[in-house]
Amino acid sequence: MELELRHLKTVRAIADAGSLTRAATVLGLAQPALSAQLKRIERALGGALFERGRHGVRATALGELVLERSRIVLPAVTELQREAARFARAPRTARHLRLGGTHGPLLGALVDRLADVAPDARMTTCTSWSERELAEQLADGRLDFALAGTCGSAEPPGAAGLVWREVAVDPVFVMVPEVHPVARRAEVDLTELAGEEWACVPGDGCFGDCFTAACARAGFTPRRMYETDTASLVHLVQVGRAVGLCRATFPTTPGIATRPLTGTPLAWRHLLGWHALTGRPDTAETVLAQARMAHAGVAASSDSYTEWMAAHRVP
């Protein structure tokens, strides 16, 4: 038999009553039934808990040990039950939001906005280069919301039960050193960069294939593609080793110019995802609205992007 809380309560009732007869009355049991229960408890604990005499019962050394522990355990469990009941009745004004996203400024901007609209919410973030990994974490319940993306009109990361809503669509820009011949152009034709080496951040979507296809339509094959983290990508561009590919919202960086490609041969669609069964509709709509405003703020901070939007009359 495994020891349970009700067994500790029984031992405590016997000690408080001072006799099995009085304890049986308090517990609403027949004395033989209480005696049998006490014997089972004593067998489970390995020894007698009480010495019986003409004037009642007295705890043994083992009984004193059990009673001492019960004075800690029973009140703690009672308080736990009270706290759980209070929590269950309390309105859900605050919660824990677990947010995921690919690397970039949008996730930080979203956290900043949510901190204003939900100041009592605790937020944690997780970043990954893999949209599929973010989708798996949503499906497994390890994330509440995830910012991911797809190349152009490609399907979002697949997992059963997930809902994906569009946040925004950005053109893909190129990053060149400020001294590059095309750095001051309003737009750059992809053919002008046919002799360059390239750099981009990793991913498990179709972006690499889409870029190769865009280059093929422009009449060339990329010489080399470096897939690396953002800091290394920036360095490769700054030293002139490669031309980088980036979302139009890439923040202003010393020594680098970001420029749009003529005809927008590549685009990136920002998506917000959640699980249909676990995501609360009102919370999802709030997070989606804040994600769209966060994107607008990030876009407005990029001079090259605001110039492109003005030229293309994007509101």
Taking the side chain as every heavy atom from C-beta outward, state whether [X] and [Y] have any atom pair closer than 4.5 Å.
{"X": "Phe220", "Y": "Leu193", "value": "no"}
{"X": "Met225", "Y": "Leu245", "value": "yes"}
{"X": "Met175", "Y": "Leu233", "value": "yes"}
{"X": "Val66", "Y": "Leu45", "value": "yes"}
{"X": "Trp129", "Y": "Asp229", "value": "yes"}
{"X": "Val201", "Y": "His103", "value": "no"}
{"X": "Ile14", "Y": "Leu34", "value": "yes"}
{"X": "Thr253", "Y": "Gln238", "value": "yes"}

If we count only N and O atoms by modelled type, under 3.5 Å, do the side chains of Asp170 and His295 hold a donor and an acceptor together?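 Distance-only check passes for Asp170 and His295.
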Ignoring hydrogens and geometry beyond distance, is a side-chain donor-acceptor pair present between Gln31 and Thr21 at under 3.5 Å?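 Yes, Thr21 and Gln31 have a side-chain donor paired with an acceptor closer than 3.5 Å.
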Testing the basics here: between [X] and [Y], what is the closest heavy-atom pair and its distance to 0.1 Å?
{"X": "Leu134", "Y": "Leu147", "value": "CD1-O, 3.7 Å"}
{"X": "Cys126", "Y": "Leu107", "value": "O-CD2, 4.3 Å"}
{"X": "Ala24", "Y": "Ala30", "value": "CB-C, 4.2 Å"}
{"X": "Pro265", "Y": "Arg217", "value": "O-NH2, 4.0 Å"}
{"X": "Leu67", "Y": "Ala59", "value": "CD1-CB, 4.0 Å"}
{"X": "Gly46", "Y": "Leu62", "value": "C-CD2, 4.4 Å"}

Within the side chain of [X], is there an N or O that forms a donor-acceptor pair under 3.5 Å with the backbone of [Y]?
{"X": "Glu227", "Y": "Gly203", "value": "no"}
{"X": "Arg132", "Y": "Gly205", "value": "no"}
{"X": "Ser302", "Y": "Ala299", "value": "no"}
{"X": "Asp144", "Y": "Trp274", "value": "no"}
{"X": "His180", "Y": "Pro177", "value": "no"}
{"X": "Arg113", "Y": "Ala291", "value": "no"}
{"X": "Arg259", "Y": "Ala183", "value": "yes"}
{"X": "Arg71", "Y": "Arg12", "value": "no"}
{"X": "Trp164", "Y": "Pro157", "value": "yes"}
{"X": "Thr258", "Y": "Ile256", "value": "no"}

Please report the interatomic distance [atom1]([X]) to [atom2]([Y]), rounded to the nearest 0.5 Å.
{"X": "Thr124", "Y": "His96", "atom1": "OG1", "atom2": "NE2", "value": "3.0 Å"}
{"X": "Ser35", "Y": "Arg52", "atom1": "OG", "atom2": "CZ", "value": "6.5 Å"}
{"X": "Met309", "Y": "Ser304", "atom1": "CE", "atom2": "OG", "value": "9.0 Å"}
{"X": "Leu110", "Y": "Arg292", "atom1": "CG", "atom2": "CZ", "value": "12.5 Å"}
{"X": "Arg98", "Y": "Leu138", "atom1": "CZ", "atom2": "CG", "value": "9.5 Å"}
{"X": "Leu38", "Y": "Leu49", "atom1": "CG", "atom2": "CG", "value": "6.0 Å"}

[X]-[Y] co-clustered via ILVMFWY side chain contacts under 4.5 Å:
{"X": "Leu27", "Y": "Ile41", "result": "yes"}
{"X": "Leu288", "Y": "Leu162", "result": "no"}
{"X": "Val176", "Y": "Leu266", "result": "yes"}
{"X": "Leu271", "Y": "Met293", "result": "no"}
{"X": "Leu190", "Y": "Val188", "result": "yes"}

Could you tell me whether Arg142 and Glu133 make a salt bridge, using a distance below 4.0 angstrom between a side-chain N and a carboxylate O?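 Judged by the 4.0 Å cut-off on N to carboxylate O distance, Arg142 and Glu133 do not form a salt bridge.
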Can Thr102 and Glu131 be said to form a side chain to side chain contact (heavy atoms under 4.5 Å, CB included), step by step? CA-CA 7 Å; Thr102 52; Glu131 279 84 12; 3.3 Å; yes
Which class fits the ring pair Phe207 and Phe211: parallel under 30°, tilted 30 to 60°, perpendicular over 60°?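 The rings of Phe207 and Phe211 lie parallel, inter-plane angle below 30°.
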Could you tell me how the ring of Phe173 sits relative to the ring of Tyr305: parallel (under 30°), tilted (30 to 60°) or perpendicular (over 60°)?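 Phe173 and Tyr305: perpendicular rings.
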CA sep, side-chain torsions, deciding dist, call: Thr264, Trp308, side chain to side chain contact (heavy atoms under 4.5 Å, CB included): CA-CA 11 Å; Thr264 314; Trp308 182 90; 3.7 Å; yes
Going through the checks in order, is the side chain to side chain contact (heavy atoms under 4.5 Å, CB included) test met by Lys9 and Leu74? CA-CA 8 Å; Lys9 292 178 180 179; Leu74 293 176; 3.8 Å; yes
Criterion side chain to side chain contact (heavy atoms under 4.5 Å, CB included) on Val234 and Phe250, from CA distance to verdict: CA-CA 11 Å; Val234 167; Phe250 193 84; 3.8 Å; yes
